[in-house]
Enquirer: 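Here you go, one structure.
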Amino acid sequence: MISSKEKNKKGRQRIILHIDMDYFFAQIEERENPHFKGKPLIVGADPREGRGRGVVSACNYEARKYGIKSGMAISRSYKLCPHGVFLPVNMQLYKKVSESIFSIVREFSSEIESVALDEAYADLTRRVKNFKEAKQLAEKIKRKIREKERLTCSVGISVNKMMAKIACELAKPDGIRVITSSQIFPVIDDMGVEAVPGIGPKTKEVLAEKLKKKNPRIKDGKLFSKKKLVELFGKRGEEFYEKFRGRDKSPVVTERKAKSVGKEYTFQEDTKKAETIIKVFKKLVSEVYKETKKRKIKGVTVICRYEDFETHTKQTTFEPQTYSKDFLLKKGMNLLLKFLAGSNKKIRLVGFRVMIK
DNA sequence: AAGTTCTTATTAC
DNA sequence: CTAACGGTAATAAGAACTT
């Protein structure tokens, strides 16, 4: 459901809020066990078990002082800080907390879009008159979350989603930041292009090469014509052109339904053993089936990552319909067996995903 | 030639 | 051993296939 565009119907500027919980998983763990506060805390895979496969899901600010960041290999984080507190991911708990937080935010604005367990946008255009009121609303939200869940978060407020997100980043931790129209260029011009949502390492690399600059800034991005960006990045180029100028028309989308649901699993050790792989695969299919029972399924994808990290997928589509677990398993097995027959390499990961109507 | 399906790449949290 | 890289999902592009 689309709630509003760049300018609302009356052509007025939007007021968009972005809220992001501070170091979410790790902060929850600190709350559950205050004894961990002040120590480097890392939530993720077990660094000792097996050979420590997996990554850092979240870490607190103490851990960041050691150079630890989320997404980093857990084994590396362990080398950087062997005396840190390493905790497993308790997703059940984080989901519960997340729901509670969303219901708090919803009390203050109905037009919200969740982008992750710890992150949401709200379109306040119809809820408040100006940035001052928006900021007051943000204070109320923060207070309520602090009182009810004993957690801190940060809030960014601006004229569109991109700028609200950037504002939120600047507000961290535990802050509120407003960026008005006239503040946009002064704030973003000297930021790295990777501050633009949608620009990751690969895109940055291409921009760096074209500009002959190691670390291109957003203002450098403005040197490209729209045509050039489209030539380089296709449809996304159009978006980048706007975003380098602080513009973003994308609406706050309040209702999104999943287009696919999947599960994957990385083995403790790479394996070639069909029996082992199939056993895991069946489990994945079962779990995916449970989550999508009533949904119309239009296809399945099997994912296979080999020991050398090369990753491949195979997919089949069929009439959108509700199917039995056996049917999905049969379709999946057909694809999986092709992988097993088609290579001598050991397998690191298998996955199963269904495409929904 | 067009429309669908399959596969990979990139991004984000 | 001399580096390692989870799980889930969306989107886009291009190749490969059907019709």
Side-chain angles (χ1 to χ4, degrees), chain A residues 18 20-21 23-26 42-47 49-59 68-80 88-89 91 94-95 98 113-121 161-162 165 168-169 193-206 230-240 243 250 253 256-268 270 280 284 287-288 291-292 298-320 335 338-339 348-356:
Chain A
H18 185 258
D20 195 340
M21 300 304 295
Y23 61 106
F24 191 44
F25 298 173
I42 299 100
V43 178
D46 189 327
E49 182 192 320
R51 291 210 331 282
R53 296 183 151 196
V55 299
V56 174
S57 284
C59 64
I68 297 172
K69 287 191 279 194
S70 68
M72 172 181 283
I74 199 78
S75 52
R76 192 172 159 210
S77 74
Y78 189 69
K79 280 178 202 158
L80 289 169
V89 176
M91 197 55 82
Y94 313 148
K95 276 190 176 151
S98 173
E113 170 181 351
S114 66
V115 294
L117 283 186
D118 69 327
E119 224 181 285
Y121 290 98
K161 283 166 78 170
M162 172 204 173
K165 186 167 171 68
C168 186
E169 209 54 47
V193 289
E194 67 276 12
V196 171
I199 296 186
K202 300 289 179 183
T203 306
K204 178 184 172 183
E205 194 44 54
V206 174
V230 170
E231 178 193 317
L232 290 171
F233 305 112
K235 202 177 159 179
R236 294 156 64 229
E238 200 125 359
E239 218 168 277
F240 297 157
K243 286 184 170 172
S250 64
V253 179
R256 265 186 312 176
K257 29 201 176 250
K259 294 171 178 170
S260 70
V261 172
K263 290 256 177 262
E264 23 190 85
Y265 179 79
T266 297
F267 295 100
Q268 200 93 141
D270 301 339
V280 166
L284 297 175
E287 287 168 7
V288 171
E291 278 179 45
T292 55
K298 64 175 182 187
V300 301
T301 302
V302 173
I303 304 118
C304 180
R305 175 172 295 152
Y306 295 106
E307 51 189 334
D308 57 7
F309 229 74
E310 216 177 278
T311 308
H312 295 276
T313 62
K314 289 186 192 296
Q315 161 183 325
T316 338
T317 54
F318 31 78
E319 259 322 283
L335 301 173
K338 285 189 206 174
F339 278 123
R348 181 186 176 95
L349 163 151
V350 277
F352 177 76
R353 175 164 294 274
V354 297
M355 259 41 80
I356 297 166

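No hydrogens, no waters, no symmetry mates; every other heavy atom, side chains included, goes into these values. So you know, we letter chains A, B, ... as the sequences are listed, proteins then strands, and number each from 1.
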Enquirer: Using a heavy-atom cut-off of under 4.0 Å over every strand shown, decide if A:T317 touches base, sugar-phosphate, or nothing.
Expert: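 Since only primed, P, OP1 and OP2 atoms lie under 4.0 Å of A:T317, the category is sugar-phosphate.
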
Enquirer: Should A:K259 be listed as having a side-chain N or O under 4.0 Å from OP1 or OP2 of C:dT11?
Expert: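 Yes.
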
Enquirer: Using a heavy-atom cut-off of under 4.0 Å over every strand shown, decide if A:T316 touches base, sugar-phosphate, or nothing.
Expert: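 Sugar-phosphate only.
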
Enquirer: Where each residue is assigned the nucleotide of DNA chain C containing its nearest heavy atom, which of A:R76 and A:G262 is assigned the position nearer the 5′ end?
Expert: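 In this pair, the answer is A:R76.
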
Enquirer: Without decimals, in angstroms, what is the distance between A:E291 CD and C:dA9 P?
Expert: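 That distance rounds to 7 Å.
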
Enquirer: Select base, sugar-phosphate, or nothing to describe what A:L349 touches, counting heavy atoms under 4.0 Å on all strands.
Expert: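 It contacts sugar-phosphate atoms only.
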
Enquirer: Could you tell me whether A:K79 contacts a base, only the sugar-phosphate backbone, or nothing, with contacts defined as non-hydrogen atoms closer than 4.0 Å?
Expert: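 Nothing, no nucleic acid heavy atom in range.
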
Enquirer: Can you check the distance between C:dC5 and B:dA12, where both ends of the measurement are the P atom (answer in whole Å)?
Expert: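 Comparing P positions in C:dC5 and B:dA12 gives a spacing of 22 Å.
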
Enquirer: Roughly how many Å is it from NZ in A:K235 to P in B:dT11, rounded to a whole number?
Expert: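 It works out to 17 Å between those atoms.
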
Enquirer: Just by distance, do the side chain of A:K243 and the backbone of A:P197 share a donor-acceptor pair under 3.5 Å?
Expert: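 Checked: pair present.
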
Enquirer: Touch check for A:K298, heavy atoms < 4.0 angstrom, all strands: base, sugar-phosphate only, or nothing?
Expert: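 Touches nothing.
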
Enquirer: Rounded to the Å, how far apart are A:R305 CZ and C:dA4 P?
Expert: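 Nearest whole value for this atom pair: 15 Å.
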
Enquirer: Hey, does the side chain of A:T203 come within less than 4.0 Å of B:dT11's phosphate (OP1/OP2), counting only N and O?
Expert: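 Answer yes for this pair, as a side-chain N or O of A:T203 is under 4.0 Å from OP1 or OP2.
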
Enquirer: Base, sugar-phosphate or nothing for A:A45? Non-hydrogen atoms, less than 4.0 Å.
Expert: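 Counting heavy atoms under 4.0 Å across all strands, no contact is made by A:A45.
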
Enquirer: What nucleotide among C:dA12, B:dC13, C:dC5 has an atom nearest to a side-chain atom of A:A73?
Expert: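 The answer is C:dC5.
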
Enquirer: What's the closest nucleotide to the A:E119 side chain, out of B:dT7, B:dT10, B:dC13?
Expert: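 Ranking B:dT7, B:dT10, B:dC13 by closest atom to the A:E119 side chain puts B:dC13 first.
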
Enquirer: Between A:K263 and A:E291, does any side-chain N to carboxylate O distance fall below 4.0 Å?
Expert: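 Here A:K263 pairs with A:E291 in a salt bridge, since their nearest N and O are under 4.0 Å apart.
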
Enquirer: Phosphate oxygens OP1/OP2 of C:dA4: is one of them under 4.0 Å from a side-chain N or O of A:S75?
Expert: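 Looking at the OP1 and OP2 atoms of C:dA4, neither is under 4.0 Å from any side-chain N or O of A:S75.
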
Enquirer: What does A:I74 touch in the nucleic acid at a heavy-atom separation under 4.0 angstrom: a base, only the sugar-phosphate, or nothing?
Expert: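 It contacts nothing in the nucleic acid.
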
Enquirer: Tell me: CG of A:D270 to P of C:dG6, nearest whole Å?
Expert: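 Result: 10 Å.
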
Enquirer: Below the 4.0 Å mark, does C:dT8 have OP1 or OP2 next to a side-chain nitrogen or oxygen of A:K263?
Expert: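 Result: yes.
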
Enquirer: Measure from CZ on A:R353 to P on C:dT11 and round the result to the nearest Å.
Expert: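 The distance from CZ of A:R353 to P of C:dT11 comes to 12 Å, rounded to the nearest Å.
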
Enquirer: Scan A:V261 against the nucleic acid and name what it touches under 4.0 Å (heavy atoms): base, sugar-phosphate only, or nothing.
Expert: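 Result for A:V261 = sugar-phosphate.
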
Enquirer: From CG of A:D308 over to P of C:dC5, roughly how many Å is that when rounded to an integer?
Expert: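 Rounding to the nearest Å, CG of A:D308 and P of C:dC5 are 13 Å apart.
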
Enquirer: So, is A:H312 close to the B:dT7 phosphate, meaning a side-chain N or O under 4.0 Å from OP1 or OP2?
Expert: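 No, A:H312 has no side-chain N/O under 4.0 Å of OP1/OP2 on B:dT7.
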
Enquirer: Starting at atom CZ of A:R256, determine the distance to atom P of C:dT8, rounded to an integer number of angstrom.
Expert: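 So the two atoms are 18 Å apart, to the nearest Å.
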
Enquirer: When we call it a touch if two heavy atoms are under 4.0 Å apart, what does A:S70 touch: a base, just sugar-phosphate, or nothing?
Expert: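 Contact class for A:S70: none.
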
Enquirer: Within a radius of less than 6.0 Å around NZ of A:K69, do more than 12 heavy atoms belonging to other residues, nucleotides or ligands occur?
Expert: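 No, the 6.0 Å shell around NZ holds no more than 12 heavy atoms from other groups.
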
Enquirer: Roughly how far, to the nearest 0.5 Å, is the CD atom of A:E205 from the CD1 atom of A:I199?
Expert: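 So the CD1 of A:I199 and the CD of A:E205 are separated by 13.0 Å.
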
Enquirer: So which nucleotide from B:dC13, C:dA12, C:dG7 ends up closest to the side chain of A:R236?
Expert: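 From the listed options, C:dA12 comes nearest.
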
Enquirer: At what distance, to the nearest 0.5 angstrom, does CD1 of A:I303 lie from OG1 of A:T313?
Expert: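 Spacing of CD1 (A:I303) from OG1 (A:T313) equals 7.5 Å.
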
Enquirer: When rounded to the nearest 0.5 angstrom, what is the spacing between OH in A:Y265 and CZ in A:R305?
Expert: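 These two atoms lie 14.5 Å from each other.
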
Enquirer: Under 4.0 Å: is that the gap between some side-chain N or O of A:T301 and OP1 or OP2 of B:dT7?
Expert: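 Answer is no, no contact under 4.0 Å.
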
Enquirer: Starting at the 5' end of DNA chain C and moving along, which residue's nearest nucleotide shows up first, A:G234 or A:Y265?
Expert: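 On the 5' side of the pair lies A:Y265.
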
Enquirer: Write down the distance between CD (A:Q315) and P (B:dT5), rounded to a whole number of angstrom.
Expert: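 A:Q315 atom CD is separated from B:dT5 atom P by 9 Å.
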
Enquirer: Ignoring the backbone of A:S260, work out which of C:dG6, C:dA10, B:dC13 is nearest its side chain.
Expert: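 Nearest listed nucleotide: C:dA10.
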
Enquirer: What is the ring orientation for A:F25 with A:Y94, classed by angle as parallel under 30°, tilted 30 to 60°, or perpendicular over 60°?
Expert: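 Rings of A:F25 and A:Y94: parallel, as their planes differ by under 30°.
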
